[in-house]
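The structure appears right after this line, and notes come after that.
Reckoned from all heavy atoms, side chains included, excluding hydrogens, waters and symmetry mates. Computed from a predicted model, the values in this text were never measured in an experiment. The first residue in the sequence is number 1, and the count goes up from there.
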Amino acid sequence: MANKGPSYGMSRDIQSRIEKKYDDELEARLVQWIKIQCGSDVGSPDEQGRLGFQQWLKNGVILSKLINSLYPKGSQPVKIPDPPPSMVFKQMEQVAQFLKAAEEYGVVKTDIFQTVDLYEGKDIAAVQRTIVALGSIAVTKNDGQYQGDPSWFMK
């Protein structure tokens, strides 16, 4: 995002449409589920809205904890570094590991966001869609790993 200048014309229209797809109410529900699913140690976004949600998930650690929490202890698919990654490529690699694990869990490719959607804030609504798809699959599997209200997600 550092080298991204202002957008004009069609680029601005497209970005505006993408940003309108972001759902603040859905964000609140997803944050609530992630906190219940992963435990309160994941904290909360510093601020509500697209930017706060992006910053909260950006380094990939919370997403990795989320996917790991859907597996039994000892068979978690994503290694979580301690301390959390601070270098850009390591953070993007952590997000990529989450995406790979989400696809292996059953999220279809069309529901999976691209790493830059989250990292550069290009399409945070796509990030929401991926988390919703993950929650829906977790509810559908009904394997005892899902925490929270099953009515939050469609089966």
Query raised in the report: Pick one: which of Ile67, Ile80, Val78 meets side-chain contact (heavy atoms from CB on, under 4.5 Å) with Gln97?
Result: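 In the set Ile67, Ile80, Val78, the residue that makes a side-chain contact (heavy atoms from CB on, under 4.5 Å) with Gln97 is Val78.
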Any [X] side-chain heavy atom under 4.5 Å of [Y] side chain:
X      : Y      : answer
Leu99  : Leu63  : no
Trp33  : Asp149 : no
Tyr119 : Val88  : yes
Val95  : Phe113 : yes
Thr130 : Phe98  : yes
Gln91  : Pro85  : yes

For [Y], is there an ion pair with [X] - N to carboxylate O distance below 4.0 angstrom?
X      : Y      : answer
Arg29  : Glu25  : no
Arg129 : Asp117 : no
Lys65  : Asp41  : yes

For the pair [X] (side chain) and [Y] (backbone), establish whether a donor and an acceptor sit closer than 3.5 Å, ignoring hydrogens and angles.
X      : Y     : result
Gln76  : Gly74 : yes
Gln37  : Leu66 : no
Trp56  : Leu51 : no
Gln128 : Leu30 : no

If I compare all heavy atoms of [X] with all of [Y], which pair ends up nearest, and what's the gap?
X      : Y      : answer
Ala133 : Val107 : CB-CG1, 3.9 Å
Val132 : Phe153 : O-CD2, 3.6 Å
Glu27  : Gln48  : OE2-CA, 3.8 Å
Gly52  : Pro45  : O-CB, 3.6 Å
Ile62  : Val42  : CD1-O, 3.6 Å

Report task. Please test Ser69 against Gln147 for side chain to side chain contact (heavy atoms under 4.5 Å, CB included), starting from the C-alpha separation and ending with a verdict. Result -> CA-CA 9 Å; Ser69 72; Gln147 305 290 316; over 6 Å; no
Any chance you could measure [X], atom [atom1], to [Y], atom [atom2], to the nearest 0.5 Å?
X      : Y      : atom1 : atom2 : answer
Asn59  : Glu93  : CG    : CD    : 13.0 Å
Ile112 : Glu103 : CD1   : CD    : 4.5 Å
Lys122 : Gln54  : NZ    : CD    : 11.0 Å
Ser75  : Leu70  : OG    : CG    : 11.0 Å
Asp111 : Ser136 : CG    : OG    : 8.5 Å

Query raised in the report: Does Val127 share a hydrophobic cluster with Trp152, counting links as ILVMFWY side-chain heavy atoms below 4.5 Å and allowing steps through other members?
Result: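 Yes, one cluster joins them.
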Query - Cation-pi geometry met for Lys58 and Phe53 (6.0 Å, 45°) - result: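 So Lys58 doesn't make the cation-pi contact.
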Query raised in the report: In terms of heavy-atom contacts, does CD of Gln145 have more than 12 from other residues, nucleotides or ligands at under 6.0 Å?
Result: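 Yes, CD of Gln145 has more than 12 neighbouring heavy atoms, counting only those of other groups under 6.0 Å.
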Query raised in the report: Around atom NZ of Lys141, are there more than 12 heavy atoms of other residues, nucleotides or ligands at under 6.0 Å?
Result: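 Atom NZ in Lys141 is packed in, count exceeds 12.
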Query raised in the report: Is a side-chain donor-acceptor pair under 3.5 Å present for Gln94 with Ser64?
Result: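 Yes, because at least one side-chain N or O of Ser64 sits under 3.5 Å from a partner of the opposite role on Gln94.
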